[in-house]
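To start, the structure under review is shown below, and the notes come after it.
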Number of protein chains: 4
Amino acid sequence: MEQTADERPRRRQARGERRIAQLLEAAASVFCTTGYTAASTNAIAREAGVSPGTLYQFFPNKEAIAVELSDRLMHEMRETYGKALRPIAPETPLEEVIAATVDRFVDFNCRHPVFFALMHGPDVPGAMAQEHDALHAALIGRVEALLTPFLPDARTEEIARTSRMCVGIYKGGLELILAHEGAEREAYVQELKNVLFRYLDPLLMDSYPLGV
Amino acid sequence: MEQTADERPRRRQARGERRIAQLLEAAASVFCTTGYTAASTNAIAREAGVSPGTLYQFFPNKEAIAVELSDRLMHEMRETYGKALRPIAPETPLEEVIAATVDRFVDFNCRHPVFFALMHGPDVPGAMAQEHDALHAALIGRVEALLTPFLPDARTEEIARTSRMCVGIYKGGLELILAHEGAEREAYVQELKNVLFRYLDPLLMDSYPLGV
Amino acid sequence: MEQTADERPRRRQARGERRIAQLLEAAASVFCTTGYTAASTNAIAREAGVSPGTLYQFFPNKEAIAVELSDRLMHEMRETYGKALRPIAPETPLEEVIAATVDRFVDFNCRHPVFFALMHGPDVPGAMAQEHDALHAALIGRVEALLTPFLPDARTEEIARTSRMCVGIYKGGLELILAHEGAEREAYVQELKNVLFRYLDPLLMDSYPLGV
Amino acid sequence: MEQTADERPRRRQARGERRIAQLLEAAASVFCTTGYTAASTNAIAREAGVSPGTLYQFFPNKEAIAVELSDRLMHEMRETYGKALRPIAPETPLEEVIAATVDRFVDFNCRHPVFFALMHGPDVPGAMAQEHDALHAALIGRVEALLTPFLPDARTEEIARTSRMCVGIYKGGLELILAHEGAEREAYVQELKNVLFRYLDPLLMDSYPLGV
DNA sequence: GATGAATGAGGATTCATTCAT
DNA sequence: TATGAATGAATCCTCATTCAT
């Protein structure tokens with residue numbers, strides 16, 4: 001469409017790449033501590049130990065930082081779990097799939113706490129909506145891919161709805177998981193698995209009357 | 001003299017009450033459209049049609065507005081549903097309880113969209129944390145009260161955990177419900193009920209093996 | 001059309017009016033010394049001895065300041081010369097009309113040097129274009145009104161063109177006048193009168209073959 | 001070795017010349033669209049397709065770019081019209097001289113729109129004042145040279161004043177000419193010629209009472 | 001109680017310029 | 001030479017809050 005942005009790819013120097021990583025790291029930290037909305041580009045630059053101008057050499061605005069951060073998170077998510085998930089055999093019991101998936105997602109969130117901050121995004125539609133949605137959509141997409149083989153008879157619409165519900169449940173549960181530690185955290189993880197299993201299991205029943 | 005003295009304060013208070021209600025209404029509107037973090041007191045005052053100074057005559061700061069708003073919401077929630085819930089007979093099937101509760105909560109949220117904004121509150125711990133938690137805690141308390149009769153054998157801890165999970169699920173589901181309209185919204189409402197029922201039903205089984 | 005701005009007239013306090021005058025005076029000063037484009041709102045506020053926030057309580061941006069300043073200048077121009085010009089008798093010799101008009105305009109410019117800065121406006125079309133044009137248009141309008149009785153046979157188009165030329169000439173001459181002082185300035189004033197007279201006189205000849 | 005040493009510098013200079021031309025072209029474009037004051041060196045570099053660092057390898061600052069641009073414009077003006085003007089015979093009627101000169105200047109301005117931007121320069125004394133004046137002075141010098149043979153009796157001072165007036169008139173007229181197109185533009189060109197002719201013709205009369 | 005004025009620090013962003021590679 | 005990185009002061013503008021009237 002329009003080429004206003006990114007007119008030319010402009011080669012990046014190694015130093016620049018490092019700065020970008022540094023800035024994204026700083027942004028992640030700031031987003032986590034103050035939230036996306038309240039985070040300021042100046043604070044991010046300060047956290048990264050660079051001047052405001054430097055930040056703007058790499059990102060046109062705060063949203064672009066969140067976008068890039070989201071992209072990298074999604075990419076790493078794919079890298080880390082995408083391959084691991086492929087070999088899921090159709091016969092794998094749902095319980096195991098859920099357990100593995102929740103464990104992975106929780107693990108991922110613990111290693112990248114900013115994921116949570118970005119998921120909730122701005123308090124409000126509008127700013128950053130598209131990226132917020134992009135992260136969301138990616139997550140939903142992954143869940144859809146995961147669920148589809150289990151629900152061959154379901155309509156696309158239903159799968160979409162179910163996947164969204166799962167992600168919604170996951171978000172609700174994650175908040176609790178991250179708010180606790182140790183054994184209590186584990187307990188919440190288990191509860192989350194229970195919720196998801198009990199929610200999804202009956203749906204499978206419908207699809208695979210001969211299942212189990 | 002004494003009559004006037006008797007009346008004046010009343011009038012003042014009456015006017016004050018109207019002002020406060022006006023301001024809270026405006027705040028609700030602004031919180032909904034811009035989110036709590038991005039909302040500005042000036043914007044609230046403008047929306048209320050008063051000057052900034054007037055706002056600060058009734059509230060010491062932005063957070064106090066959110067606090068009062070939350071308090072009133074919680075109060076109304078109690079007023080509206082508290083009484084209605086009391087006559088719940090222990091024999092009432094869980095399914096009905098859940099359906100009624102979800103319907104009521106969803107209805108409440110639709111009538112007070114700011115509830116959702118306040119629930120999510122600032123993206124982050126810090127500002128308004130206590131109030132955010134107060135709303136939360138109130139909600140959890142209600143759910144605990146609702147669940148306890150169904151889970152007489154459960155330990156307090158478990159009830160707390162389960163209630164929190166329910167609230168977490170509810171929040172996740174509500175976001176989806178509010179994001180859709182018409183039939184699709186209804187479908188999500190039903191899904192939310194399903195999730196909660198399937199999650200809670202087995203717990204009851206344990207408690208009331210002979211139940212229902 | 002749209003009511004986005006100036007939703008309610010908001011009463012102004014006396015203090016506010018004084019501040020506005022003060023700010024406009026400061027703006028005039030800054031526009032004169034740095035030019036419109038390079039003038040900064042902070043510099044204007046500083047010059048006025050107030051904080052940036054105060055400036056923005058009265059003006060939404062730099063352009064609005066220029067607009068208001070222009071409006072007031074135009075208003076004063078009307079106040080000062082509008083009445084004085086009315087009694088121009090048709091028999092008044094062109095030479096006198098020009099001399100009086102130039103003297104008045106020059107005098108006005110000397111008392112309000114910012115007029116010149118605003119006339120030239122931003123270096124470029126775009127920003128402030130409309131206001132720049134408004135000042136211009138007002139000036140041209142005045143000249144048209146002045147010329148029309150002298151050129152009864154001319155088409156509107158021609159009068160417009162002639163008036164624009166006169167204003168253009170005037171602007172060119174004014175720059176020279178303001179750049180000099182004392183006798184030299186007077187000499188340029190005289191030259192400007194000469195130019196205008198010699199330009200316009202032949203046009204009258206055509207109209208009033210029996211004139212003079 | 002020496003050959004390469006001989007060639008390299010040349011190539012470098014050739015490349016440098018190209019770069020400079022490229023940068024000046026870009027600067028002309030940016031000055032035209034945003035005006036001198038608002039033009040940024042970064043924007044010029046971007047327009048030229050080079051990095052900011054490269055720009056500063058050839059020009060110490062923004063003003064130097066304008067200076068060099070002006071110099072080249074003046075040079076081209078001399079190249080193009082200087083020779084053409086020389087053979088002006090003293091008997092050439094003033095009308096023709098003016099017509100030819102105006103046509104040439106207008107033509108020049110249409111081919112180099114940046115000339116106009118530089119003529120007006122920064123709105124204000126200060127930055128770039130000297131260069132602004134240099135362009136101006138050059139223009140005035142040319143007009144003086146043009147007028148002197150027609151006004152042999154006039155004092156230097158008067159010639160200077162008259163020339164400045166002509167340039168001032170020209171600037172005023174040029175703005176109108178550039179603001180219009182087609183037939184209307186032509187009409188303004190004609191008006192400008194008229195103004196200048198009527199202004200200057202009587203001066204000649206004084207000098208050459210027996211002239212023509 | 002109500003208003004609008006006032007603040008000044010802080011927000012995002014730009015810019016002329018210098019530096020390392 | 002050329003590049004892109006880096007700077008930090010300066011830009012415009014907002015905001016929570018206080019003050020005078």
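As a basis for the values below, the full set of heavy atoms in this structure was taken, side chains included, without hydrogen atoms, waters or symmetry mates. So that the names make sense, note that chain A is the first sequence line, chain B the second, and so on, each numbered from 1.
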Could you check D:H75 against D:D71 for side chain to side chain contact (heavy atoms under 4.5 Å, CB included), going step by step and ending with a plain yes or no? CA-CA 6 Å; D:H75 184 254; D:D71 283 354; over 6 Å; no
Consider side-chain contact (heavy atoms from CB on, under 4.5 Å). Of A:L69, A:I65, A:V50, A:T41, which one does A:L23 pass it with? A:V50
Polar atom pairs (N or O), protein with nucleotides 17-21 of chain E, under 3.5 Å:
{"from": "E:dT17", "atom 1": "OP2", "to": "D:Y56", "atom 2": "OH", "distance (Å)": "2.9"}
{"from": "E:dT17", "atom 1": "OP2", "to": "D:K62", "atom 2": "N", "distance (Å)": "3.4"}

What is the distance, to the nearest angstrom, from the CG atom on D:L55 to the C1' atom on F:dT3? 13 Å
Yes or no on side chain to side chain contact (heavy atoms under 4.5 Å, CB included) for A:E76 and A:H112, after CA distance, side-chain angles and deciding distance? CA-CA 10 Å; A:E76 177 169 344; A:H112 301 290; 3.0 Å; yes
Please confirm whether the shortest side-chain N or O distance from A:S51 to OP1 or OP2 of F:dT7 is below 4.0 Å. yes
Side chain to side chain contact (heavy atoms under 4.5 Å, CB included) for A:E25 and A:Q22? Distances and angles first, verdict last. CA-CA 5 Å; A:E25 205 175 332; A:Q22 193 181 358; 5.6 Å; no
Any salt bridge between B:E68 and B:R72, counting N to O under 4.0 Å? yes
Here the distance between atom C1' of F:dA2 and atom CG of D:L23, to the nearest Å, is 12 Å
Chi angles and distances behind the side chain to side chain contact (heavy atoms under 4.5 Å, CB included) call for B:V67, B:S70: CA-CA 5 Å; B:V67 168; B:S70 302; 5.8 Å; no
Are D:K62 and D:Y36 in a cation-pi setup, meaning NZ or CZ lies under 6.0 angstrom from the ring centre and within 45 degrees of the ring axis? yes
Could you give the CZ-to-C1' distance, from B:R18 to E:dA2, as a whole number of Å? 14 Å
Just the rounded figure in Å: distance from P of F:dT14 to CD1 of B:I44. 17 Å
Do C:T54 and C:S51 have side-chain heavy atoms sitting under 4.5 Å apart? yes
Hey, does D:A39 reach any base, or is it just sugar-phosphate, or nothing, if we go heavy atoms under 4.0 Å? sugar-phosphate
D:F58 vs C:R46, nearer the 5' end of DNA chain F by closest nucleotide: D:F58
Are C:S40 and F:dT11 close enough that a side-chain N or O sits under 4.0 Å from OP1 or OP2? yes
Atom-pair distance (OH on C:Y36; C1' on F:dC12), nearest Å: 12 Å
So, do B:L24 and B:F59 sit near enough that their side-chain heavy atoms are less than 4.5 Å apart? yes
For DNA chain F, what is the dot-bracket line, given that a base pair needs Watson-Crick (N1 to N3, plus N6-O4 or O6-N4) or G-U wobble (N1-O2 and O6-N3) geometry with both distances under 3.5 Å, and | means paired with another strand? .||||||||||||||||||||
D:T54 vs F:dT3: side-chain N/O to OP1/OP2 distance below 4.0 Å: yes
